[in-house]
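Sending over a structure as structure tokens; questions will come in a sec.
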Protein chains: 2
Amino acid sequence: MSSLHAASPGLIRTSGSETDRRRLNTWQAVRADVLDRIRSGEWPPGSLIPTEQILSKEMGCARATVNRALRELADSGIVQRRRKVGTRVTATSSRRAMMSLPVIRDEIEAMGARYGYQMTDCLARPPSPEAMQALQVDAGDSMILVKSRHMADDRPHCCEAIWLNPRAVNLPDARLFGTVPPQEWLARTLPVAQSRFSILAEGATGACAINLLVAVGTPVMAIERVNTLNGLPVSFARQFYPPHHRLVLKD
Amino acid sequence: MSSLHAASPGLIRTSGSETDRRRLNTWQAVRADVLDRIRSGEWPPGSLIPTEQILSKEMGCARATVNRALRELADSGIVQRRRKVGTRVTATSSRRAMMSLPVIRDEIEAMGARYGYQMTDCLARPPSPEAMQALQVDAGDSMILVKSRHMADDRPHCCEAIWLNPRAVNLPDARLFGTVPPQEWLARTLPVAQSRFSILAEGATGACAINLLVAVGTPVMAIERVNTLNGLPVSFARQFYPPHHRLVLKD
DNA sequence: CTATCGATAATGAATAGACGATTTCGCCGC
DNA sequence: GCGGCGAAATCGTCTATTCATTATCGATAG
């Protein structure tokens, strides 16, 4: 019926973008088409684009298919949609980018290096002020602090300090962390937790500098991660990466 | 027909998660339900969960609705799906997090501060080695380098150096950048470009340290951004943020 | 035993149709 | 002019159905 069934070339525009549309699904073709017409200036930033119904008729596909395409574009911040109003091209270039935070073991092995892990400390102690704030506990609670470092081919790749909340999770024998990184143990124990990350630059402090084999005060990138499960804060981790480490995001 | 039409309570499980499901759509309810059963250990990491058909029957909704829910979970890395094989709970805790990179003006005004912009330099010169690599140009090409800083209530918030490729975009009169930040001009001129970001920690160098009012060598967070349009690299920007600036990601 | 081929099962995508939610817009009474 | 109210437009979601794509498994020919 439709001129545009699965990968039929009906939709392909002659404008000649670099994307190879021969193997695109219909909704991906619609998305690419809309993107092209935005880029070409046909629909400038801030303007309304035609309704789903008009587009579906124009492109010879179902409205649900156009909906899927436009929803994806809205998810990445390229357009904004409101009922009854329509779909508007986002005026500013505010963009959302997806970052993938792999397990450090995978990250290192993906580079083709040999992974190594060393626990450097494992203490029960009252939480630091940052840990108190992140985990919503108070100074009286006793927390577990595990410090460790991760090596790539015997060179330090990252060092880590993680606070674990014994009220949120049953901790194993501490010796386990001598061989198993706490993040991996946590991932196996609590399948899906909700996480909040933040990224900042810091000067390396004493232990961190020693573990990363850099001078005190050297700029390091810190990634903080708070895991919560059912609203209960479970862990607060800080990972430090030496200079020249890059976190890459694609948009 | 279905026991689960739009926000009907049919699906609501008694497990009592913290999420308020009374106002969830059906597909969101399905997603929450699956997530709960993963978290509860019913479907441990690495295991296969029931097929879409079984789930749709079990939950009294259409398979397309289950598909939507499981697709969202796959998009955020919680499950992995393969045709004919099924849907598997991701074994590692590798997660994808969404980061929003707002226009700096918006970022500052959202904090309730007054935005200020100053251009500090605007030069035509051959590209630096990094710019050559990022923009895929060679040393013979003449590029435009604009340096600027952004202020929040008269305190430096971020400084920026951006290389523009005159072969990819028609540049305006350079005086424009005295009042309009290059990123904003770019956003208005090229509606939707594809971007690649990377984030790293560096020590502040001379001009950067002066602009941010910090000592040389102070750790700063650098965000690099390469914009390309139809495969043609358009701009290469490096933004530097002073210590204590945090980039926040929600998962 | 092994390679190949077909049946089967699972997800992926598309369709038409329906209904619901939300916001705008104009009409009407005042 | 103005306030309220209902019609209409538009996106959001759901269903049922069909076909496409991909992988697994087992049977069969050699």
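Because only heavy atoms are used, hydrogens play no part in the values below, and waters and symmetry mates are left out as well, while side chains stay in. Below, read A as the first sequence line, B as the second, and so on, with proteins coming before strands; counting in each chain starts at 1.
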Produce a footprint string for nucleotides 5-10 of chain D: one letter per nucleotide, 5' end first; B if the base is under 4.0 Å from any protein heavy atom, S if only the sugar-phosphate is, - if neither. ---BBB

For atom CD of B:Gln80 and atom C1' of C:dG12, their distance in whole Å: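 Those two atoms, CD and C1', are 17 Å apart.
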
For A:Glu109, is the CD atom crowded, meaning more than 12 foreign heavy atoms sit under 6.0 Å from it? yes

Greater than 12 external heavy atoms within 6.0 Å of B:Arg196's CZ: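 Check fails, neighbour count at 12 or below.
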
Expressed in angstrom and rounded to an integer, what is the separation of A:Arg31 atom CZ from C:dA13 atom C1'? 14 Å

Between A:Arg88 and A:Gln80: side-chain donor-acceptor atoms closer than 3.5 Å: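 No - no donor-acceptor pair under 3.5 Å links their side chains.
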
Taking CZ from A:Arg68 and C1' from D:dC14, how many angstroms apart are they, rounded to a whole number? 16 Å

A:Ala62 side-chain proximity, nearest of C:dT15, D:dT15, C:dA14: C:dT15

Round to the nearest Å and state the distance from B:Leu55 atom CG to C:dA9 atom P. 18 Å

For A:Asn25 and D:dC19, what is the distance between atoms CG and P respectively, to the nearest whole Å?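 Those two atoms, CG and P, are 18 Å apart.
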
On a heavy-atom basis, the closest approach of B:Pro45 and B:Val89 is CA-CG1, 3.7 Å

Contact class for A:Arg63 (heavy atom, under 4.0 Å): base, sugar-phosphate, or nothing?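 Contact class for A:Arg63: base.
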
Residues B:Asp75 and B:Arg96 bridged, charged N to O under 4.0 Å: no

Measure from CD on A:Glu72 to C1' on D:dG12 and round the result to the nearest Å. 15 Å

Whether the side chain of A:Ser40 engages the backbone of A:Glu42 through a donor-acceptor N/O pair (distance < 3.5 Å, no angle test) should be reported.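 Confirmed, A:Ser40 side chain pairs with A:Glu42 backbone.
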
Whole Å only: how far is the CD1 atom of B:Ile49 from the P atom of C:dT11?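 Rounding to the nearest Å, CD1 of B:Ile49 and P of C:dT11 are 8 Å apart.
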
Using the ring of each side chain (for Trp, its six-membered ring), is B:His150 parallel, tilted or perpendicular to B:Tyr117, with breaks at 30° and 60°?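 Aromatic pair B:His150/B:Tyr117 classed tilted.
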
Looking at D:dC14, C:dT11, D:dC11, which one has an atom nearest to any side-chain atom of B:Asn67?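 Minimum distance to the B:Asn67 side chain belongs to C:dT11.
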
Round to the nearest Å and state the distance from B:Ile54 atom CD1 to C:dA9 atom P. 12 Å

Under 4.0 Å between a side-chain N/O of A:Thr65 and OP1 or OP2 of C:dT15, yes or no? yes

Give a yes/no on whether any side-chain N or O of A:Thr26 is located under 4.0 angstrom from OP1 or OP2 of C:dA14.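 Result: yes.
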
